Structure formats: structure tokens, C-alpha cells
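What follows is a set of notes on a single structure, which appears directly below.
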2 protein chains.
Amino acid sequence: MLDLNRVGTIPGGLTKNQALVLEIIEKAGKPIGAYEILRELGPRGIKSPVQVYRAVNSLIQCGIVRKVESMNAFVRCTDAHPHRGQTTILAVCDRCGTVVEHHDETVDRRVAWAEQEAF
Amino acid sequence: MLDLNRVGTIPGGLTKNQALVLEIIEKAGKPIGAYEILRELGPRGIKSPVQVYRAVNSLIQCGIVRKVESMNAFVRCTDAHPHRGQTTILAVCDRCGTVVEHHDETVDRRVAWAEQEAF
DNA sequence: ACATTCCTGTTATAAAATAACATAACTTTC
DNA sequence: GAAAGTTATGTTATTTTATAACAGGAATGT
Ligand SMILES: [Zn+2]
Ligand SMILES: [Zn+2]
Ligand SMILES: [Zn+2]
Ligand SMILES: [Zn+2]
């Protein structure tokens, strides 16, 4: 499971727990915290935070989920794309909480310098 | 204390605790967590997390300290500038942890759209 | 079958942040 | 200067977020 060659695709090759967590994140439609995911999945057998965190981290590795650092929450990526090399900006709506992901090439150039300097 | 008209200036008008916390953040020279600040200031009378968080939040309001969300840590702003209206990018060095703050006008333009849409 | 690797479950603990309440200090206003 | 209002402080307890450590189970390749 967790095929790194299929980064960004909507995979059928997800683990049971990974699929469960992804389902909840998608259903939410906006950033959702790990413990809220846990509550939602309690009735379906997920009983501890580690299980959620493991699944979420796998999904992030896959490139289909992002962490919104400022909210300690996780959100589904809208389209299939690799997060490696391409810098992204997350815009979070103050009202409804919806997230729009920008793939800003200008920022890429700006950050390129930083990467040269090992940032 | 905490004069919002003097945002971004190196103020003499800081509270005792605010001054203590700022001193530690400055001495660190890189992002430092609230609980590490607490440990450093224990010998000087700061005994609880709330005290640190209160001071740090005030300093952020003043615009002289920033939170690095991805690290749960706080860093001194290198130069005096308002954080309102001007979007900034924080580049964190993988090796030494030093932070460089970019004031990217291009990003400003990009985000302007988002603000129009109430993001 | 055997070794390897990855996913799983469980318990306990760490790390980060806030809630709630009481007191002290500093300003205004009269 | 006394009363009232505001802001900073101290203290205790609790919540929220995240990881450590260990044991068992399922898949995969040889
Ligand atoms: Zn994405
Ligand atoms: Zn909205
Ligand atoms: Zn700054
Ligand atoms: Zn460096």
C-alpha cells in the first residue's frame, strides 16, 4: 500500500484506516482536526489518536491531503498534484473555512533562492 | 503599556514579563517554543505557561514577534514593519534554523484576490 | 516455510495551549 | 485624594494536539 509512484492520484490502493480517514476529510469539505476525525470514526472502530495520525501522515505523503499548520487541521487537496518542488499557498476563508490552494510559480522562484541556501 | 500606535518600533513601553520574554526570543536568534522560554525564565520568576503565552501574544500584536506555525515556535522580527496588509513569507533554514522574512509584493497581489473574496 | 516489510491495535506520555479565578498595579474621572 | 475602571499578574486546573513504545497480524517475495 501507499504507492509513491501514484502520488496525487485518487488511489484505490489505500489501507482500510487510510480510506476511512480520507472519507471523513473529504466529507468535511474544510480543514478538520485529528481528534474530530477520531470522534467521527469512533463508531467505526478507530479508537486512538495514533491511528488517525498514522493515516493522515500517509495521506500527506501521498500528496492527497495537506496540513493547515495555522489550524492544526487537515484538508483534502482539490486536484491531483505533487507537492514536491512546487510551492503552494493555502487561502482559508474567514467565514466558511473553505480552503483554496494556489500553485504560485512566482513564489516558487522566490523560494528557489532559499532552497539553494539549504533553507 | 502595549501602545498600538507604536507598532513595529523597539518600544521602551513593554511590561516586565513582555520584556523578559522578548529578551529570550532575541537571545535565541531563531524560533523558540513557549515552553523553552518558560524553562529559561523559570529562574527569573516566570512559573507558568500562561504568563509566557500572554507576553508572546502581546508581542505579536505589537508586530515585533512572529509565530512560526509549522514549528509552534516564536521568532523576533528582524526589522520594524507592520504585519497588517503586507503579506510575509518565513523561510526557515533546515540546518541552523535561522529565519529570513520576505516581504513579497507579488504574493501580496496574489492574496489580494483572496481578501476580496473574504478569505 | 521463512524473512521482510508494512499496517494495526493498545497503553501511556509528552508537548502545546487555554479556562477560570483572584490579586495587584496603574489610569481616569470626579 | 478617593472611587471606579482598566490592564497586567499570579496560580491552579484542564483541554487540545501529538508522539513513544511495544506487541501482534497481514501481505509480499524468495
Ligand atoms: Zn495540494
Ligand atoms: Zn467562504
Ligand atoms: Zn515581521
Ligand atoms: Zn542556516
Side-chain angles (χ1 to χ4, degrees), chain A residues 1-7 11-25 28 30-62 64-75 92 97, chain B residues 1-7 11-25 28 30-62 64-75 92 97:
Chain A
M1 307 278 173
L2 198 143
D3 188 347
L4 284 172
N5 293 329
R6 294 196 178 177
V7 166
L14 288 182
T15 293
K16 185 184 65 173
N17 289 0
Q18 288 166 7
L20 283 171
V21 168
L22 180 57
E23 184 191 326
I24 299 301
I25 292 178
K30 59 180 181 177
I32 182 175
Y35 281 75
E36 200 179 336
I37 296 172
L38 177 60
R39 278 192 295 276
E40 300 254 10
L41 286 178
R44 291 215 254 166
I46 302 292
K47 294 189 172 178
S48 92
V50 255
Q51 297 174 282
V52 174
Y53 280 105
R54 281 200 280 236
V56 148
N57 286 330
S58 299
L59 294 171
I60 290 175
Q61 286 291 317
C62 277
I64 57 185
V65 162
R66 283 210 50 156
K67 178 173 186 183
V68 184
E69 299 281 1
S70 58
M71 310 176 82
N72 295 320
F74 307 93
V75 68
V92 185
Chain B
M1 307 276 175
L2 199 143
D3 187 348
L4 284 170
N5 292 329
R6 294 196 179 177
V7 167
L14 288 182
T15 293
K16 186 184 67 174
N17 288 2
Q18 289 166 6
L20 284 170
V21 168
L22 180 57
E23 184 191 325
I24 299 301
I25 292 178
K30 59 179 183 177
I32 181 174
Y35 281 74
E36 200 179 335
I37 295 173
L38 177 60
R39 278 192 294 276
E40 300 252 10
L41 286 178
R44 292 215 254 166
I46 303 292
K47 293 189 172 177
S48 92
V50 255
Q51 298 174 284
V52 175
Y53 280 106
R54 282 202 279 237
V56 148
N57 287 329
S58 299
L59 294 170
I60 289 175
Q61 285 291 319
C62 276
I64 58 185
V65 161
R66 284 212 49 158
K67 178 173 186 182
V68 184
E69 299 280 2
S70 59
M71 310 176 83
N72 294 321
F74 307 93
V75 67
V92 185

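When reading the values below, keep in mind they use all heavy atoms of this one structure, side chains included, and skip hydrogens, waters and symmetry mates. We name chains A, B, ... by the order of the sequence lines, and we start the count at 1 in each one. On a predicted model such as this, the values are computed, not experimentally measured, just so you know.
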To the nearest angstrom, how far is [X] atom [atom1] from [N] atom [atom2]?
X: A/R39; N: D/dT15; atom1: CZ; atom2: C1'; answer: 11 Å
X: B/M71; N: D/dT17; atom1: CE; atom2: C1'; answer: 17 Å
X: B/I46; N: D/dT11; atom1: CD1; atom2: P; answer: 10 Å
X: A/L20; N: C/dT8; atom1: CG; atom2: P; answer: 9 Å
X: A/N57; N: D/dT17; atom1: CG; atom2: C1'; answer: 13 Å
X: B/L38; N: C/dA14; atom1: CG; atom2: P; answer: 16 Å
X: A/F74; N: D/dA18; atom1: CZ; atom2: C1'; answer: 9 Å
X: A/Y53; N: C/dA15; atom1: OH; atom2: C1'; answer: 11 Å

Please check the phosphate of [N] (OP1 and OP2 only) for any side-chain N or O of [X] closer than 4.0 Å.
X: A/N72; N: D/dA18; value: yes
X: A/Q51; N: C/dG9; value: yes
X: B/K67; N: C/dA16; value: no
X: B/K16; N: D/dG10; value: yes

Would you say [X] and [Y] make side-chain contact, with heavy atoms under 4.5 Å?
X: A/K67; Y: A/N72; result: yes
X: A/R44; Y: A/L20; result: yes
X: B/M71; Y: B/K30; result: no
X: B/L59; Y: B/L14; result: yes

Counting side-chain heavy atoms from CB outward, which of [options] is closest to [X]?
X: A/R54; options: D/dA21, D/dT19, C/dA17; answer: D/dA21
X: A/N17; options: D/dT19, C/dT10, C/dG9; answer: C/dG9
X: A/Q18; options: D/dT19, C/dA17, C/dC7; answer: C/dC7

Mind running side chain to side chain contact (heavy atoms under 4.5 Å, CB included) on B/K47 and B/L41 for me, showing each step along the way?
CA-CA 8 Å; B/K47 293 189 172 177; B/L41 286 178; over 6 Å; no
Taking the nucleotide of DNA chain C with the nearest heavy atom to each, does A/V50 or B/E36 sit closer to the 5' end?
A/V50
Under the criteria of a ring-centre distance below 5.5 Å and an interplanar angle below 30°, is A/Y35 stacked with the base of D/dT17?
yes
